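Here is the structure we will look at.
Nothing here was measured: the structure is a model prediction, and the numbers come from that model.
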Amino acid sequence: MQANTVFKQTTGTVSQTETQELPFTLQDVKAAIPAECFEPSIPKSLSYFFLDIGIIAGLYAIAYNLDSWFFFPIFWVMQGTMFWALFVVGHDCGHGSFSKLKWLNNLIGHLSHIPILVPYHGWRISHRTHHGNTGNLDTDESWYPVSEEKYNRMPWYEKLFRFYLPLLAYPLYLVKRSPDRAGSHFLPSSPLFRPSEKWDIVTSSVLWVMMVGFLGVLTYQFGWVFLVKYYLMPYILFVMWLDLVTFLHHTEDDIPWYRGEDWYFLKGALSTIDRDYGFINPIHHNIGTHVAHHIFLNMPHYHLKTATEAIKPLLGDYYRSSNEPILKSFIRSYLSCHFVPNTGSKVYYQSGWKPNSK
């Protein structure tokens with residue numbers, strides 16, 4: 001157990017037969033939350049979308065008018081952060097928590113994701129798989145541990161992006177998925193998708209290609225330096241934000257992972273952690289408030305803090321949170337979280353770089 005993490009757990013990293021039931025049900029947790037937390041407001045949801053778009057447009061106007069290499073590094077960090085904030089708005093759309101109107105969710109989802117080169121429907125469906133299988137070593141979709149055996153036989157290039165350059169992994173994940181998971185977010189034939197979702201995937205992939213084409217036209221018209229200054233560098237910062245936050249949602253050496261019948265939805269949903277990003281919290285729409293989101297994915301982001309306070313007394317020691325500085329948390333997990341034991345359920349991350357201390 002890390003001193004900064006609010007959680008208590010039993011001693012040991014592997015339990016072969018343990019099937020521990022939680023002392024509360026999903027219905028108990030829902031009953032603890034005010035009913036209004038589950039109701040999206042279209043005006044409020046749209047206000048976050050237009051706020052992010054307005055800030056992004058304003059930053060572009062400032063950068064273009066200043067055209068200063070002294071300002072561009074600041075612009076890249078700020079704009080990359082706003083790309084990430086815009087992604088979070090699309091994230092609500094993908095969960096149906098932006099509004100109760102499917103067409104509006106899809107419209108704003110595409111407007112939020114395609115400009116930052118995320119295939120909205122492809123991502124939405126794979127993310128649905130992640131939420132339905134969180135904490136399940138066999139079926140989770142993103143940032144799940146590999147077994148020690150898999151870790152030892154992974155090729156160097158797979159280890160490179162998964163363990164040594166994890167903050168640049170997202171574009172590769174869109175094309176190739178994660179270890180032991182076949183398919184692509186761009187192809188309707190991918191095992192990620194149902195046959196009935198074919199045209200959703202085609203739509204998002206065509207729009208994605210059109211966005212790439214638009215960037216190509218800009219590059220042809222204004223040159224590579226223009227692309228790097230105004231798009232590529234903010235995009236890289238966006239990818240780093242996305243990978244950092246999603247990595248830290250589920251990568252902690254005292255978060256349990258389950259196999260087989262020892263897993264069920266609520267138990268797996270609690271295998272995440274709330275983190276404090278300081279002044280960035282309101283900028284990226286409190287996405288670090290992640291425990292309540294995993295239990296009730298249809299809850300708008302602007303109700304998550306209220307819901308979290310409501311369920312903390314009920315969850316007790318099953319609620320995890322950390323106030324540790326984000327960079328320190330990332331480095332610690334980067335060094336200590338590589339694989340889990342080959343067998344057993346309720347297993348924990350171990351390090352491939354140092355002897356395990358558990």
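- For the pair H338 (side chain) and Y334 (backbone), a donor-acceptor distance under 3.5 Å is present.
- Judged by distance alone, with hydrogens and angles left aside, the side-chain atoms of S333 form a donor-acceptor pair with the main-chain N or O of T251 at under 3.5 Å.
- At distances below 3.5 Å, at least one donor-acceptor pair connects side-chain atoms of R320 with backbone N or O atoms of L270.
- Not a single donor-acceptor pair under 3.5 Å links the side chain of K229 to the backbone N or O of F72.
- Ring to ring, H301 and H91 are not that close: their centroids are 6.0 angstrom or more apart.
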Would H130 and H294 satisfy side chain to side chain contact (heavy atoms under 4.5 Å, CB included), going step by step from the backbone distance to the final call? CA-CA 10 Å; H130 163 59; H294 255 277; 3.3 Å; yes
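- Residue pairs meeting the ring-ring contact (aromatic ring centres under 6.0 Å, His included) criterion with at least one member in residues 180-204, sequence neighbours excluded: Y173-H185, F186-W208.
- Side-chain atoms of S321 never come within 3.5 Å of backbone atoms of D274 as a donor-acceptor pair (strictly under, hydrogens ignored).
- With hydrogens and angles ignored, the 3.5 Å screen pairs no side-chain donor or acceptor of D140 with any backbone N or O of N136.
- As a member of the Ile/Leu/Val/Met/Phe/Trp/Tyr network built from side-chain separations under 4.5 Å, L297 groups with nothing else and remains a singleton.
- In this structure, K30 forms a cation-pi arrangement with F38, its terminal cationic atom sitting closer than 6.0 Å to the ring centre and no more than 45° off the ring axis.
- Under the side-chain hydrogen bond (donor to acceptor under 3.5 Å, both in side chains) criterion, N106 pairs with no residue, sequence neighbours left out.
- Under a 3.5 Å cut-off, the side chain of N298 and the backbone N or O of G96 do not form any donor-acceptor pair.
- With hydrogens and angles disregarded, a donor-acceptor distance shorter than 3.5 Å links the side chain of K159 to the backbone of Y151.
- S45 and Y302 form a side-chain donor-acceptor contact under 3.5 Å, judged by distance and modelled atom types alone.
- Taking the ring centre of F247 as origin, the terminal cationic atom of R162 falls outside the region bounded by 6.0 Å and 45° from the ring axis.
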